[in-house]
Amino acid sequence: MTAPITQDVVTFPRKLPDEERPNLVGMTRDQMREALIAAGTPEKQAKMRTGQVWQWIYQKGVRDFAQMTNLAKSYRAMLEENFSIDVPEIVTRNVSLDGTRKYLLRIAGGHEVEAVYIPESDRGTLCISSQVGCTLTCSFCHTGTQRLVRNLTPGEIVGQVMVARDDLGEWPKAGEPKNETRLLSNIVLMGMGEPLYNFDNVRDAMRIVMDGEGISLSRRRITLSTSGVVPEIAKTAEEIGCQLAVSFHATTDEVRDRLVPINKKWNIATLLDALRTYPRLSNSERITFEYVMLKDVNDSDEDARRLVKLIEGIPAKINLIPFNEWPGSPHERSDWSRIEAFADIVYKAGYASPIRTPRGEDIMAACGQLKSASERQKRARRAPMTQQPPA
């Protein structure tokens, strides 16, 4: 029996507000061209006008049509009357002791998502979300305890990148030499949600991010993380072509069924079959296997040996992730000596096995800890009501 690709949940999201003026952020080039023609742009000029507006929005970070000075005033007035340039609103911005920045962002309908910027010596990585909430209920992930509300639109996905660039002051400044240093050099789709359950919107957003006349990030600097939505993996290779990471986390179906319940639909063998063709289809170097280290659950020497046996023949690296604990979590982080022993077995088998340094734990921004502040507050308010009265 073929398992469905859609999520095993029925949601009733609040209706998105009707846009009086369509938002240009998130439109593909073809969509923007059609929208400009519909607003009165002569068809012969549409391709040129699309390119001009595109560069103002994505290359220069301009949000005000009046600043698009290579367009006639009358054309700018037409754009202002018919369109908007909107990105998510920053509700809170927290900065960790290690420099990690976590943004709580409000989107249409009053929903909230989180994005995290992680600075390193040789790169700056932005972790972005693809859904409000999640359906996967992975037992080690805080986000999985928040119900799915809806998919993010392409504009809301691209908007996270634009908001981070705003905060980092990374848009070019008029009259100043172009700064080639990229503070935001990498993107990982590892925030809230399962990207492959929102494939079309994620694809369109990443094509915008990769466009050479805008934000212009190479596909090799974009990593999409999936828990294993097998039918969409080949499409990701063909239609996005970015790097792929897989939330693996276990070496037997019995354990992975508990940790990553999607394994009940597409088990380890089925997932690995799909992964073996990904580097060839996408021209990627290797696949990253993410493996969270859970004490006495998946961290034995036997697990390490099974892991290298399972991935044999797949160009890969193994990211070992010390479990980032959160209030009420059912797991504990593996002892450091156990993590190092596990890493040593993987390394001696010929695979890179970096141990990820936890970042932003003091602001709940580490891997697996993202959950919108409003959800945490709602849960906190409900908690006293569910406590048993004193005896």
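Computed over heavy atoms, backbone and side chain alike; hydrogens, waters and symmetry mates excluded.
Closest approach of E194 to S130, counting heavy atoms only: C-OG, 3.7 Å. In terms of heavy atoms, Q31 sits closest to G26 at OE1-O, 4.0 Å. Closest non-hydrogen pair, I345 versus A304, comes out as CG2-CB, 3.7 Å. Between L183 and L168, the shortest heavy-atom distance links the atoms CD1-O, 3.6 Å. The nearest pair of heavy atoms linking V202 to P195 is CG2-O, 3.7 Å. Minimum heavy-atom separation, I240 to M210: O-CE, 3.7 Å.
A donor atom on one side chain and an acceptor atom on the other are not found under 3.5 Å apart for E114 and S129. A side-chain donor-acceptor contact under 3.5 Å links N263 and D257. Of the N and O atoms on the side chains of T236 and Y278, not one donor lies less than 3.5 Å from an acceptor on the other residue. Counting only N and O atoms by type, the side chains of R21 and S84 include no donor and acceptor under 3.5 Å apart. Inspection of the D204 and N201 side chains reveals no N or O donor paired with an N or O acceptor under 3.5 Å. For the residue pair W56 and Q52, no side-chain donor N or O sits within less than 3.5 Å of a side-chain acceptor on the partner. In summary, the side chains of E290 and N319 do not present any donor paired with an acceptor at a separation below 3.5 Å, with no hydrogens or angles considered. Under 3.5 Å, the side chains of N186 and T125 contain no donor-acceptor pair of N or O atoms. Side-chain contact of S337 with D335: a donor-acceptor pair under 3.5 Å is absent, judged by distance alone. Looking only at atom types and distance, the side chain of T270 has a donor-acceptor partner in the side chain of N267 under 3.5 Å away.
The side-chain tip of K295 does not point at the ring of F323 from less than 6.0 angstrom away and within 45° of straight on.
For Q131 (side chain) and V149 (main-chain N/O), no donor-acceptor pair under 3.5 Å exists by modelled atom type. For the pair N82 (side chain) and M78 (backbone), a donor-acceptor distance under 3.5 Å is present. The closest donor-acceptor contact from the side chain of S225 to the backbone of V246 lies at 3.5 Å or more, if one exists at all. The backbone N or O of N298 sits less than 3.5 Å from a side-chain atom of Y291, completing a donor-acceptor pair. Although no hydrogens or angles enter the test, the distance criterion places no donor-acceptor pair under 3.5 Å between the side chain of S96 and the main chain of G99.
Atoms NZ and CD1, from K102 and I118 in turn, are 12.0 Å apart once rounded to the nearest 0.5 Å. How far CG of L71 is from CE of M48: 8.5 Å, rounded to the nearest 0.5 Å. L307 contributes atom CG, which lies 8.0 Å from atom CG of L320 (distance to the nearest 0.5 angstrom). Taken from CG in D303 to CE in M293, the straight-line distance is 8.0 Å, to the nearest 0.5 Å. To the nearest 0.5 angstrom, E312 atom CD is 10.0 Å from I314 atom CD1. For the atom pair R93 CZ and L105 CG, the distance stands at 12.0 Å (nearest 0.5 Å).
The pair R150-E156 counts as a salt bridge, with a side-chain nitrogen and a carboxylate oxygen less than 4.0 angstrom apart. The pair D30-R33 does not count as a salt bridge, with every side-chain nitrogen at least 4.0 angstrom from each carboxylate oxygen. Between R63 and D166, at least one side-chain nitrogen of the basic residue sits less than 4.0 Å from a carboxylate oxygen of the acidic one, meeting the salt-bridge criterion. A salt bridge between E232 and K235 is present, with a side-chain N of the basic residue lying under 4.0 Å from a carboxylate O of the acidic one. Here R338 pairs with D301 in a salt bridge; the nearest charged N to carboxylate O distance falls below 4.0 Å. Using a 4.0 Å cut-off between charged side-chain N and carboxylate O, R207 and D211 make no salt bridge. Comment: E213 engages R29 in a salt bridge, judged by a side-chain N to carboxylate O separation of less than 4.0 angstrom.
With sequence neighbours excluded, no residue forms a side-chain hydrogen bond (donor to acceptor under 3.5 Å, both in side chains) with S353. Listed by chain and residue number, R203 satisfy the salt bridge (Lys or Arg N to Asp or Glu O under 4.0 Å) test with D200 (two or more places apart in sequence, or in another chain). Residues passing the salt bridge (Lys or Arg N to Asp or Glu O under 4.0 Å) test with D253: none are found, sequence neighbours excluded. Annotation: side-chain hydrogen bond (donor to acceptor under 3.5 Å, both in side chains) contacts of D296 (sequence neighbours excluded): none. Residues passing the salt bridge (Lys or Arg N to Asp or Glu O under 4.0 Å) test with R305: none are found, sequence neighbours excluded.
Using a 4.5 Å heavy-atom cutoff, the side chains of I311 and I318 are in contact. Between N198 and I157 there is a side-chain heavy-atom pair separated by less than 4.5 Å. Using a 4.5 Å heavy-atom cutoff, the side chains of Q243 and T288 are not in contact. At least one side-chain heavy atom of L259 sits less than 4.5 Å from a side-chain heavy atom of H331. Between I187 and T223 there is no side-chain heavy-atom pair separated by less than 4.5 Å. Contact check for W336 versus I355: side-chain heavy atoms found under the 4.5 Å cut-off. D299 places none of its side-chain heavy atoms less than 4.5 Å from the side chain of L294. A 4.5 Å side-chain heavy-atom check between M162 and Y58 finds at least one atom pair inside the cut-off.
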Audit row: V113, R106, side chain to side chain contact (heavy atoms under 4.5 Å, CB included) steps and yes/no: CA-CA 7 Å; V113 294; R106 182 169 294 131; over 6 Å; no

From CA spacing to verdict: ring-ring contact (aromatic ring centres under 6.0 Å, His included), F248, F289: CA-CA 6 Å; F248 205 64; F289 285 81; 5.3 Å; yes

From CA spacing to verdict: ring-ring contact (aromatic ring centres under 6.0 Å, His included), F83, F65: CA-CA 9 Å; F83 302 105; F65 292 111; 7.2 Å; no

Verdict with supporting geometry, N151 and Y197, side chain to side chain donor-acceptor pair (under 3.5 Å): CA-CA 8 Å; N151 289 334; Y197 274 151; over 6 Å; no

Step-by-step side chain to side chain donor-acceptor pair (under 3.5 Å) determination, T41 to Y75: CA-CA 9 Å; T41 302; Y75 195 78; 2.6 Å; yes

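Side-chain heavy atoms closer than 4.5 Å link hydrophobic residues (I, L, V, M, F, W, Y) into clusters, and following such links, possibly through other members, connects L275 to W266. Cluster membership for I90 and V161, using ILVMFWY side-chain heavy atoms within less than 4.5 angstrom, is shared. In the hydrophobic clustering of ILVMFWY residues, with side-chain heavy atoms under 4.5 Å counting as a link, I37 and M68 come out apart.
Counting heavy atoms of neighbouring residues, nucleotides and ligands inside a 6.0 Å radius, atom CZ of R306 exceeds 12 of them.
For the ring pair (Phe, Tyr, Trp, His ring centres under 6.0 Å) condition, no pair includes a residue of residues 151-180, sequence neighbours left out.
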